[in-house]
2 protein chains.
Amino acid sequence: MSLPHAILTALLEKPSSGLELTRRFDKSIGYFWSATHQQIYRELGRLEQAGHIRALPAPVPVRGQRKEYEVLPAGRAELSDWVARPEDPKPMRSALLLRMRAAAMVGASGLRAELERHLALHREQLEEYLAIEDRDFPAERRRAEPDRLRHLVLRGGIDLERFWVEWLTGALAELDRGE
Amino acid sequence: MSLPHAILTALLEKPSSGLELTRRFDKSIGYFWSATHQQIYRELGRLEQAGHIRALPAPVPVRGQRKEYEVLPAGRAELSDWVARPEDPKPMRSALLLRMRAAAMVGASGLRAELERHLALHREQLEEYLAIEDRDFPAERRRAEPDRLRHLVLRGGIDLERFWVEWLTGALAELDRGE
DNA sequence: TGGGTCATGTAAACTGTTACATGATTCA
DNA sequence: TGAATCATGTAACAGTTTACATGACCCA
């Protein structure tokens with residue numbers, strides 16, 4: 001139940017239309033809370049209904065025409081509440097780990113290639129995050145809290161990709177030891 | 001779309017009834033592919049329809065009466081295919097990271113407590129995994145492939161919990177630096 | 001015999017995914 | 001003017017979650 005809050009956050013960062021939001025999800029917030037444009041439009045409708053956001057006044061609302069949204073005070077209040085709301089971490093879901101467990105029962109043929117493919121993908125993602133860090137959080141300097149928090153989040157992404165790269169490397173080595 | 005394969009794997013490890021499966025999900029396969037008993041019963045029905053599993057012959061099938069399933073050759077073949085089927089990792093989803101990003105916009109009050117709570121939960125989970133490792137994969141000895149694969153999977157869970165413990169510890173320290 | 005637990009299930013609401021539809025704008 | 005692209009949406013379905021319903025079995 002976090003999509004509306006992801007959208008509120010994105011809109012506070014910068015008022016946007018549905019399509020702009022979709023694009024920003026593809027390369028920012030979406031790194032840890034992804035959504036398709038259909039989900040986003042549906043949720044924008046609900047948030048507007050709820051009085052949490054509003055469309056900037058347009059002369060005549062027409063389908064197909066750009067509609068820009070901004071957060072209303074009620075929306076900001078809801079987001080602020082949500083930040084302090086406790087919520088347990090969801091158990092992880094990894095189809096890859098599940099595959100390995102299945103492989104223990106039916107044989108590991110084809111598994112090696114998949115591990116290598118994932119390793120390459122995680123390396124790519126890591127590079128992408130590091131490029132963003134270079135661009136958005138340069139050098140050592142005292143930063144304001146918003147920037148420090150955003151940087152912490154990005155660091156989470158970076159460290160997690162590093163974790164997978166290392167774990168997959170180790171798993172491949174371990175697979176080799178036995179064959 | 002991995003729940004049926006999680007169930008096939010669990011049933012190959014040991015034929016079971018729906019409730020037994022639910023319990024084993026709660027403390028084994030469910031660590032990386034969780035499911036409720038409702039999902040499991042529905043999926044058992046589908047797998048039986050598809051001819052991938054069968055209920056052990058019972059005199060008269062009655063609601064409320066234990067029904068044990070086992071995997072049929074077709075089910076094993078399907079699982080074997082699936083293991084080699086490529087599938088990209090899903091983008092991660094972390095409500096906690098999203099909260100931090102939201103906190104950058106509306107203020108971080110209440111966030112510290114939530115980070116600490118998550119840190120404690122991840123420490124607990126780590127302990128649980130380590131206990132399982134002690135129990136199921138003792139000492140240094142040459143092991144057969146199935147065991148080595150299962151151990152790799154558990155290692156993944158352990159390392160991931162360690163990752164979160166370290167990251168959360170660092171994030172808390174970093175939060176303190178500025179207040 | 002009646003309450004607790006084991007066990008299997010149904011129903012509804014919500015979230016996420018995939019495919020498609022429609023109008024507006026731009027520019028060759 | 002017609003093709004490409006921008007932009008907003010609808011519809012149908014699959015997966016997940018939550019609440020509830022029903023029957024069997026055990027044992028005090």
Side-chain angles (χ1 to χ4, degrees), chain A residues 1-8 10-11 15-26 29-30 32-50 53-56 58-69 82 87-95 98, chain B residues 1-8 10-11 15-26 29-30 32-50 53-56 58-69 82 87-95 98:
Chain A
M1 232 287 287
S2 298
L3 180 56
H5 305 102
I7 291 177
L8 286 172
L11 285 181
S16 309
S17 70
L19 194 59
E20 273 168 15
L21 275 179
T22 303
R23 288 194 180 124
R24 286 169 53 210
F25 265 69
D26 283 346
I29 293 225
F32 45 87
W33 205 276
S34 62
T36 62
H37 85 268
Q38 292 88 339
Q39 278 178 281
I40 288 173
Y41 282 115
R42 182 169 44 181
E43 205 58 47
L44 283 171
R46 287 177 191 167
L47 285 166
E48 193 177 18
Q49 279 290 315
I53 63 174
R54 66 161 186 176
L56 294 194
V60 181
V62 193
R63 180 183 179 139
Q65 208 154 40
R66 194 188 133 85
K67 221 159 73 179
E68 187 154 355
Y69 291 93
W82 178 79
E87 183 181 342
D88 286 355
K90 290 242 171 111
M92 81 161 145
R93 278 199 165 181
S94 165
L98 186 57
Chain B
M1 236 285 289
S2 297
L3 179 56
H5 305 102
I7 291 177
L8 286 172
L11 286 181
S16 309
S17 68
L19 195 59
E20 274 168 13
L21 273 180
T22 303
R23 287 192 181 127
R24 287 170 52 211
F25 266 69
D26 283 345
I29 292 228
F32 44 90
W33 204 276
S34 62
T36 61
H37 83 268
Q38 292 88 340
Q39 279 177 282
I40 287 172
Y41 282 116
R42 179 171 34 167
E43 205 59 48
L44 283 171
R46 287 178 191 166
L47 285 166
E48 192 177 17
Q49 278 292 314
I53 63 175
R54 66 161 188 178
L56 294 193
V60 180
V62 193
R63 180 183 178 137
Q65 208 153 40
R66 194 188 133 84
K67 221 159 70 178
E68 185 154 356
Y69 292 93
W82 178 78
E87 182 181 343
D88 285 355
K90 290 241 172 112
M92 80 162 146
R93 277 201 167 180
S94 166
L98 187 56

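All of these numbers come straight from a predicted model, not from anything done at the bench.
- As rounded to whole Å, 16 Å separates atom P of C:dT10 from atom CD1 of B:Ile40.
- The side-chain heavy atoms of B:Arg24 and B:Ser16, taken from C-beta on, include a pair separated by under 4.5 Å.
- Among the nucleotides D:dG15, D:dT8, C:dG9, the one closest to the side chain of A:Leu19 is D:dT8.
- Residue B:Tyr41 places its side chain closer to C:dT8 than to any other of C:dA24, C:dT8, D:dA24.
- Rounded to the nearest 0.5 angstrom, B:Thr36 OG1 and B:Tyr41 OH are separated by 11.0 Å.
- Atom CD in B:Glu48 sits about 14 Å away from atom C1' in C:dG9, given to the nearest Å.
- Straight-line distance from the NE2 atom of B:His37 to the C1' atom of D:dT18: 10 Å, rounded to whole Å.
- Counting only heavy atoms from C-beta outward, the side chains of B:Leu21 and B:Ile29 never approach each other to under 4.5 Å.
- Rounded to an integer number of Å, the gap from CG of B:Asp26 to P of C:dA7 is 14 Å.
- Interatomic distance, A:Lys90 NZ to B:Ser94 OG, rounded to the nearest 0.5 Å: 11.0 Å.
- One atom, CZ of A:Phe25, and another, P of C:dT15, lie 14 Å apart when rounded to the nearest Å.
- Listed for the B:Thr22 side chain is a donor-acceptor partner under 3.5 Å among the backbone atoms of B:Gly18.
- The pair A:Arg23-A:Glu20 does not meet the salt-bridge criterion, since no charged nitrogen lies less than 4.0 angstrom from a carboxylate oxygen.
- For C:dT15, the OP1/OP2 oxygens have a side-chain nitrogen or oxygen of A:Arg46 closer than 4.0 Å.
- The side chain of B:Gln65 places no N or O atom within less than 4.0 Å of a non-bridging phosphate oxygen (OP1 or OP2) of C:dT8.
- Residues B:Trp33 and B:His5 have side chains not in contact (no heavy-atom distance under 4.5 Å, counting atoms from C-beta outward).
- The side chain of B:Ser17 sits closest to C:dT8 out of C:dA24, D:dG15, C:dT8.
- If you take NZ of A:Lys67 and P of C:dT22, they are 18 Å apart, rounded to a whole angstrom.
- Side-chain proximity of A:Arg23 to D:dG15, D:dA7, C:dG9: nearest is D:dA7.
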Using atom names, set out every protein N or O paired with an N or O of nucleotides 16-18 of chain C below 3.5 Å, distance rounded to 0.1 Å.
| unit_1 | atom_1 | unit_2 | atom_2 | d |
| --- | --- | --- | --- | --- |
| C:dG16 | OP1 | B:Arg93 | NH1 | 2.4 |
| C:dG16 | OP2 | A:Gln39 | NE2 | 3.1 |
| C:dG16 | N7 | A:Arg42 | NH2 | 2.7 |

